[in-house]
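The next block holds one structure in the form of structure tokens; read it before the comments.
Computation of the quantities below employed the complete heavy-atom set of this structure, encompassing side-chain atoms and omitting hydrogens, waters and symmetry-equivalent molecules. Please read these numbers as outputs of a predicted model, since none were measured by experiment.
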Amino acid sequence: QVQLVESGGGLVQSGGSLKLSCEASERTFTSGGMAWFRQAPGKGREFVAVIRWSGGNTYYSDSVKGRFTISRDNTKKTMYLQMNALKPEDTAIYYCAGKKGYWILSNVPTAESDFDAWGQGTQVTVSS
């Protein structure tokens, strides 16, 4: 079974930066793409960003657009999330997710049900 392992979370002051990583143990469950979701205390899990493995196309939620950058390293089977200009409202557990299968650019996967594998999460806390 594929394993997705996140790292890089921590405590940072408002306006600071963090870089999250997610390494996949195999490509099967991430061949279509990988994404970041987050869950703040008392709230549901929300989509943050997604990257298509082939072509590297990216898509972001409006709340992080312009501040976060998703990227991937094919050779390392690793995805990254560079988070800049962090705000207290970015505080959450961040999860990476993997999607099997191809998807077209006009139908970007952003729902939890679109993804086939999940990591355990890494905590990001932004202090004001």
Side-chain angles (χ1 to χ4, degrees):
Q1 185 173 347
V2 66
Q3 285 188 312
L4 302 179
V5 180
E6 303 99 334
S7 61
L11 173 64
V12 64
Q13 288 189 328
S14 181
S17 299
L18 279 176
K19 186 174 185 178
L20 305 183
S21 300
C22 175
E23 183 174 2
S25 60
E26 59 175 274
R27 282 289 304 276
T28 304
F29 282 81
T30 63
S31 57
M34 297 179 74
W36 291 98
F37 285 74
R38 66 186 182 185
Q39 186 167 18
K43 296 187 176 181
R45 196 174 298 189
E46 68 166 344
F47 168 80
V48 174
V50 63
I51 185 165
R52 193 166 72 160
W53 211 254
S54 173
N57 306 88
T58 59
Y59 184 80
Y60 299 90
S61 68
D62 288 341
S63 61
V64 307
K65 195 176 298 181
R67 299 188 298 122
F68 292 10
T69 302
I70 189 172
S71 61
R72 88 276 193 253
D73 184 326
N74 286 343
T75 61
K76 296 181 179 179
K77 295 177 290 186
T78 301
M79 172 183 65
Y80 305 97
L81 185 69
Q82 177 66 48
M83 305 185 293
N84 298 328
L86 283 160
K87 306 174 182 180
E89 51 263 44
D90 294 317
T91 294
I93 299 174
Y94 283 70
Y95 298 90
C96 72
K99 176 176 176 60
K100 294 189 295 184
Y102 183 79
W103 47 279
I104 59 176
L105 296 179
S106 60
N107 189 22
V108 179
T110 61
E112 291 184 65
S113 58
D114 291 330
F115 294 86
D116 306 290
W118 292 85
Q120 294 299 308
T122 184
Q123 176 71 48
V124 171
T125 304
V126 184
S127 63
S128 57

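Considering all non-hydrogen atoms of both residues, A49 and Y60 come closest at CB-CD2, 3.6 Å. Nearest heavy atom pair, residue V48 against residue F68, reads CG1-CD2, 3.9 Å. Pairing each heavy atom of A85 with each of S17, the nearest pair is N-OG, 4.4 Å. I93 and G121 get closest at one heavy-atom pair: CG2-CA, 3.8 Å. The minimum heavy-atom distance linking A24 with L4 is given by the pair CB-CD2, 3.5 Å. The minimum heavy-atom distance between L20 and G9, with the atom names listed, is CD2-N, 3.6 Å.
How far NZ of K76 is from CD of E23: 9.0 Å, rounded to the nearest 0.5 Å. Atoms CD1 and OG1, from I51 and T69 in turn, are 10.0 Å apart once rounded to the nearest 0.5 Å. Remark: N107 CG to Y102 OH distance equals 11.5 Å, nearest 0.5 Å. Atom OG1 in T125 sits 10.5 Å away from atom CG in L86 (nearest 0.5 Å).
You'll find the side chain of R38 reaches within 4.5 Å of the side chain of S63, heavy atoms only. Proximity of C22 to M34: side-chain heavy atoms (C-beta onward) are separated by under 4.5 Å at one or more points. Under the 4.5 Å side-chain criterion, counting only non-hydrogen atoms from C-beta, M79 is in contact with W36.
M83 pairs with exactly one of V64, L18, V12 by the side chain to side chain contact (heavy atoms under 4.5 Å, CB included) rule, that one being L18.
Using modelled atom types, one side-chain atom of T91 and one backbone atom of V126 make a donor-acceptor pair closer than 3.5 Å.
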Show the numbers, then the answer: is there a side chain to side chain contact (heavy atoms under 4.5 Å, CB included) between W53 and R72? CA-CA 8 Å; W53 211 254; R72 88 276 193 253; 3.6 Å; yes

Side chain to side chain contact (heavy atoms under 4.5 Å, CB included) between V50 and W103, intermediate numbers included: CA-CA 12 Å; V50 63; W103 47 279; 4.1 Å; yes

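Between K87 and D90 there is no salt bridge, since no side-chain nitrogen of the basic residue lies less than 4.0 Å from a carboxylate oxygen of the acidic one.
In this structure, K65 places its NZ atom where more than 12 heavy-atom neighbours from other residues, nucleotides or ligands lie under 6.0 Å away. Under a cut-off of 6.0 angstrom, the local environment of CD in Q3 is sparse, with at most 12 non-hydrogen atoms contributed by other residues, nucleotides or ligands. Under a cut-off of 6.0 angstrom, the local environment of CD in Q120 is sparse, with at most 12 non-hydrogen atoms contributed by other residues, nucleotides or ligands.
F37 and F115 have perpendicular rings, their planes meeting at more than 60° on a 0 to 90° scale where under 30° would count as parallel.
Residues Y59 and R52 have side chains that never bring a donor and an acceptor to within less than 3.5 angstrom of each other.
Residue pairs meeting the salt bridge (charged side-chain N to carboxylate O under 4.0 Å, His left out) criterion with at least one partner in residues 110-128, sequence neighbours excluded, are R45-E112.
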